[in-house]
Amino acid sequence: MPAPTCASCHTARANLRRPRSGQALCGACFCNAFEAEVLHTVLAGRLLPRGAVVAVGASGGKDSTVLAHVLRALAPQLDISLHLVAVDEGIGGYRDAALAAVRHQAARWELPLTVVAYEDLFGGWTMDAVARSTAGSGRSRSCCTFCGVLRRRALEEGARLVGATHIVTGHNADDMAETVLMNFLRGDAGRLARGGGLGSPGEGGALPRCRPLQLASQKEVVLYAHFRRLHYFSEECVYAPEAFRGHARDLLKLLEAARPSAVLDLVHSAERLALAPTARPPRPSACSRCGALASRALCQACALLDGLNRGLPRLAIGKGRRELEEEAPRGGRSVPATDSLTAF
Ligand code: SF4
């Protein structure tokens with residue numbers, strides 16, 4: 001059966017059916033619609049004010065590649081300027097190739113690029129060193145928990161370094177739905193309560209963050225990259241198979257097969273979630289070490305680094321964190337900026 005005519009331009013042959021609406025579109029009309037929807041998300045959510053200097057968290061993967069490309073196209077309309085910020089976690093055999101992809105994109109799109117490394121920011125710790133340390137304590141499955149916290153901190157540092165006023169990340173609807181599921185499965189009411197909305201306004205001196213692709217499905221992100229001929233790095237991180245997120249992803253696929261709207265329903269559920277007063281986490285205060293927002297004495301990044309430096313990584317992410325904090329000396333400044341409340 002021949003492909004139908006594009007439902008938008010009514011001249012070209014349709015190349016795809018949009019996964020959610022079923023609308024048949026040609027590649028050009030699909031890309032235009034995708035960009036218009038991201039523009040709507042940004043404007044309706046008042047995510048990026050005019051004149052904003054926007055640090056784009058660039059990993060070389062499909063999501064951040066598409067995000068940078070779309071925002072670059074929308075920048076004149078939004079009156080924003082962009083700066084790519086890439087984080088080198090120190091993952092041998094993985095991150096070097098991904099960073100090469102980011103450098104290629106920055107050169108091709110003539111966007112400034114800054115790379116910040118865990119090793120420089122966190123007293124010599126790389127993710128490979130963290131993985132060796134946590135494997136020794138039987139916690140190799142926790143790599144992404146450490147990395148998510150440190151990555152968020154590193155991106156904040158990189159954004160400040162380039163004078164950014166806002167941070168954007170490439171999380172899409174599927175990523176957000178996975179995060180909501182993970183938080184439910186862990187019974188993590190605090191993260192559930194903070195995870196809704198399209199971003200965070202920048203409490204406690206942190207830069208405002210947002211996720212302009214949060215309502216875009218992963219399938220459409222891939223289709224956009226395909227029709228715009230974007231090259232991205234698609235290999236999986238060597239630590240990803242250990243991550244709990246993989247279970248949430250598998251579960252989400254099953255749910256989506258039974259109910260196609262499951263991804264967006266989960267994203268919107270988190271936006272509307274209201275916790276009972278008794279379930280609300282305590283109001284965050286300042287980390288006693290770095291001054292970032294923290295729900296306990298130490299922010300997550302300081303607690304993790306403290307545990308690693310003492311050879312007690314297990315305490316830093318487990319129930320023993322309070323014990324570790326009580327022992328921790330006050331004052332000093334091991335890492336600057338904000339607390340991380342969301343795992344990568
Ligand atoms: Fe870090 Fe985990 Fe992502 Fe690898 S998969 S970059 S360890 S968060």
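Residues take their numbers from the sequence shown, with the count starting at 1. For ligands, and for the atoms within them, numbers begin at 1 and follow the listed sequence. All values derive from a computational prediction rather than experimental measurement.
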- Under 3.5 Å: donor-acceptor pair, side chain of Thr169, backbone of Gly57: no
- Message: Give the atom numbers and elements of ligand 1 that come within less than 4.0 Å of a heavy atom of Cys237.
- Response: 4 (Fe), 5 (S), 6 (S), 7 (S)
- Note on the structure: For Tyr239, the ligand 1 atoms with a heavy-atom partner under 4.0 Å come out as 7 (S)
- Counting distance only, does the side-chain N/O of Arg95 pair as donor-acceptor with the main-chain N or O of Cys237 below 3.5 Å? no
- Query: So, is Cys143 placed with an N/O/S atom under 2.8 Å from atom 2 (Fe) of ligand 1, counting both backbone and side chain?
  - Reply: no
- Item | Carboxylate-amine/guanidinium contact Arg259 Asp265, below 4.0 Å | yes
- Using the ring of each side chain (for Trp, its six-membered ring), is Phe244 parallel, tilted or perpendicular to His247, with breaks at 30° and 60°? tilted
